[in-house]
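So the structure is just underneath, and the comments pick up after that.
The sequence lines fix the lettering, A, B, ..., with proteins before strands; numbering per chain opens at 1. The basis for the numbers below is simple: all heavy atoms, side chains too, and nothing from hydrogens, waters or symmetry mates.
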Protein chains: 2
Amino acid sequence: MESTSARTDICASAPRAHPRPAGQDRYTISEVAAFTGLTAHTLRWYERIGLMPHVDRSHTGQRRFTNRDLDWLAFVSKLRLTGMPVADMVRYAELLREGDHTFEERQQLLEATRRDVRNRIAELQGTLAVLDFKIDFYAGARRTPERGLTT
Amino acid sequence: MESTSARTDICASAPRAHPRPAGQDRYTISEVAAFTGLTAHTLRWYERIGLMPHVDRSHTGQRRFTNRDLDWLAFVSKLRLTGMPVADMVRYAELLREGDHTFEERQQLLEATRRDVRNRIAELQGTLAVLDFKIDFYAGARRTPERGLTT
DNA sequence: TAGAACCTTGGAGTGCACTCCAAGCAAGCG
DNA sequence: CGCTTGCTTGGAGTGCACTCCAAGGTTCTA
């Protein structure tokens, strides 16, 4: 669990996941919920805990998200898939808000995350091997039915 | 998110993860905790919720785990890594207890799990691509420092 | 201008997977 | 035998990541 030089030639363009209407830059919370797959509740919660880099408001106080916010949310959603704790993502968001002098720490955080993701992939491939082994056994036992496997 | 014919040529032997002393077949709960990395609390909890296929007891009622139990726990630990809900693992354990006529359902459950794991790996590889992209950006910006990336 | 559908807030509730506790019995050693 | 360490139970507590609620203000469509 350390090797696996996972190739990443798919989708190596700029991180823009969910389709969104062109020429618009102010979205209500429910529009953003539709684009990202997150609920409005979750979006408000993200803002509360400091995971959103301060969202714009209309003159009456309603949230108006921008394309930049959508980019950020797409990135956060990717990180979420890795099982990265929300607290760590908040940390990264804080570093961004603090400006240029956190550059190096951000880079290190990203690199640590990448190591975690690679390890995670290696683990999953190990599990896949076990599943393949067991499924092969089931397929074999189907042809010569005799005993029912103990795990 | 559906492709990725993940190769699984590593560790494709019989599923036996943690080293254990030869010629022994009765382990106390703390020994099992040491071998598996699970806590004694968790092992008791697994039994309570029906995830252990009925553990043997000493004449005074203390648990005595067997090598077969260790095999099962190794398998469960693998499944746990995939993020499979405990309830689903309990379901599989129930099917095992119910005997031969659940053979097909068990096979299907394993195959569904394998699909999930493959999808998970594909997702992670997508995330890895995003991380690589961003880390490359950071490395480039280090050589020509000018602006600090917005996500 | 009415009504429906949407948005706001703080705080409380949910589900999962553990994790711990207290009180008491069991096992092994000098 | 006494002592320490380990094991037993049901039930309560924890941490995470949401998820929902009530009461009220806003925006859109007819």
Side-chain angles (χ1 to χ4, degrees), chain A residues 21 24 26-52 54-66 69 72-73 75-94 113 116 120 123 127, chain B residues 24 26-52 54-66 69-70 72-73 75-94 113 116 120 123 127:
Chain A
Q24 196 183 336
R26 288 173 74 78
Y27 307 88
T28 66
I29 198 166
S30 60
E31 286 171 326
V32 175
F35 294 149
T36 61
L38 299 166
T39 70
H41 294 304
T42 300
L43 290 168
R44 292 194 197 97
W45 180 66
Y46 277 3
E47 190 181 2
R48 246 194 315 204
I49 64 176
L51 188 48
M52 290 301 302
H54 109 230
V55 177
D56 203 18
R57 299 292 179 124
S58 75
H59 70 107
T60 53
Q62 296 195 352
R63 287 175 188 80
R64 293 295 177 260
F65 294 80
T66 64
D69 293 328
W72 170 248
L73 284 168
F75 179 54
V76 163
S77 294
K78 280 285 180 197
L79 291 183
R80 228 167 44 97
L81 288 178
T82 69
M84 187 180 189
V86 167
D88 290 3
M89 295 192 258
V90 170
R91 176 77 188 128
Y92 185 78
E94 277 168 0
T113 303
D116 290 349
R120 194 107 197 69
E123 275 178 358
T127 303
Chain B
Q24 195 183 337
R26 288 174 75 76
Y27 305 88
T28 66
I29 197 166
S30 60
E31 285 171 326
V32 174
F35 293 150
T36 62
L38 300 165
T39 69
H41 294 304
T42 301
L43 289 169
R44 291 194 197 99
W45 179 66
Y46 277 3
E47 191 181 1
R48 249 197 310 207
I49 64 175
L51 188 49
M52 290 303 301
H54 108 236
V55 177
D56 202 19
R57 299 293 178 123
S58 74
H59 70 106
T60 52
Q62 296 196 350
R63 287 174 187 80
R64 293 295 179 261
F65 293 82
T66 64
D69 292 328
L70 288 180
W72 171 249
L73 284 168
F75 180 53
V76 163
S77 293
K78 280 286 179 198
L79 292 182
R80 228 166 45 97
L81 288 178
T82 70
M84 186 181 191
V86 167
D88 290 3
M89 294 192 259
V90 170
R91 176 79 188 126
Y92 185 80
E94 277 167 0
T113 303
D116 290 347
R120 194 106 195 70
E123 277 178 356
T127 303

Please find the earliest and latest nucleotides of DNA chain D, in the 5' to 3' direction, that have an atom within less than 4.0 Å of any heavy atom of chain A.
-> D/dA17 to D/dT27

Would a distance-only check, ignoring hydrogens and angles, find a side-chain to backbone donor-acceptor pair under 3.5 Å from A/W72 to A/L51?
-> yes

State whether the side chain of A/E31 and the backbone N or O of A/T28 hold a donor-acceptor pair below 3.5 Å, judged by distance alone.
-> yes

Decide whether A/T113 and A/D116 meet the rule of one side-chain donor and one side-chain acceptor closer than 3.5 Å.
->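 No, A/D116 and A/T113 have no side-chain donor paired with an acceptor closer than 3.5 Å.
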
Whether A/Y27 and A/F35 hold their rings parallel, tilted or perpendicular, with breakpoints at 30° and 60° =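 Plane angle over 60°, so perpendicular.
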
Got a sec, which residues hit side-chain hydrogen bond (donor to acceptor under 3.5 Å, both in side chains) with [X], two or more places apart in sequence or on another chain?
| X | value |
| --- | --- |
| A/T42 | A/T39 |
| B/R48 | none |
| B/R64 | none |

Closest to the 5' end of DNA chain C, once A/R48 and A/R44 are matched to their nearest nucleotides, is A/R44

Given that both pair distances must be under 3.5 Å and the pair must be Watson-Crick or G-U, what runs of three or more consecutive pairs involve DNA chain C?
-> C:1-30 with D:1-30

Taking only N and O in the side chain of B/R57, is any of them less than 4.0 Å away from OP1 or OP2 of C/dA26?
-> no

B/K78 and A/E123 ion-paired at < 4.0 Å = no

Taking NZ, NE, NH1 and NH2 as the nitrogens, is one of them in B/E94 or B/R91 under 4.0 Å from a carboxylate oxygen of the other?
-> yes

In Å and rounded to the nearest 0.5 Å, what is the OG1 to CZ distance from A/T82 to B/R120?
->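 That separation rounds to 8.0 Å.
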
For nucleotides 27-29 of chain C, print each protein N/O atom paired with a nucleotide N/O atom at under 3.5 Å, atom names and distance only.
from: C/dA27; atom 1: OP1; to: B/T60; atom 2: OG1; distance (Å): 2.7

In whole angstroms, how far is the C1' atom of C/dT9 from the CD atom of A/E47?
-> 12 Å

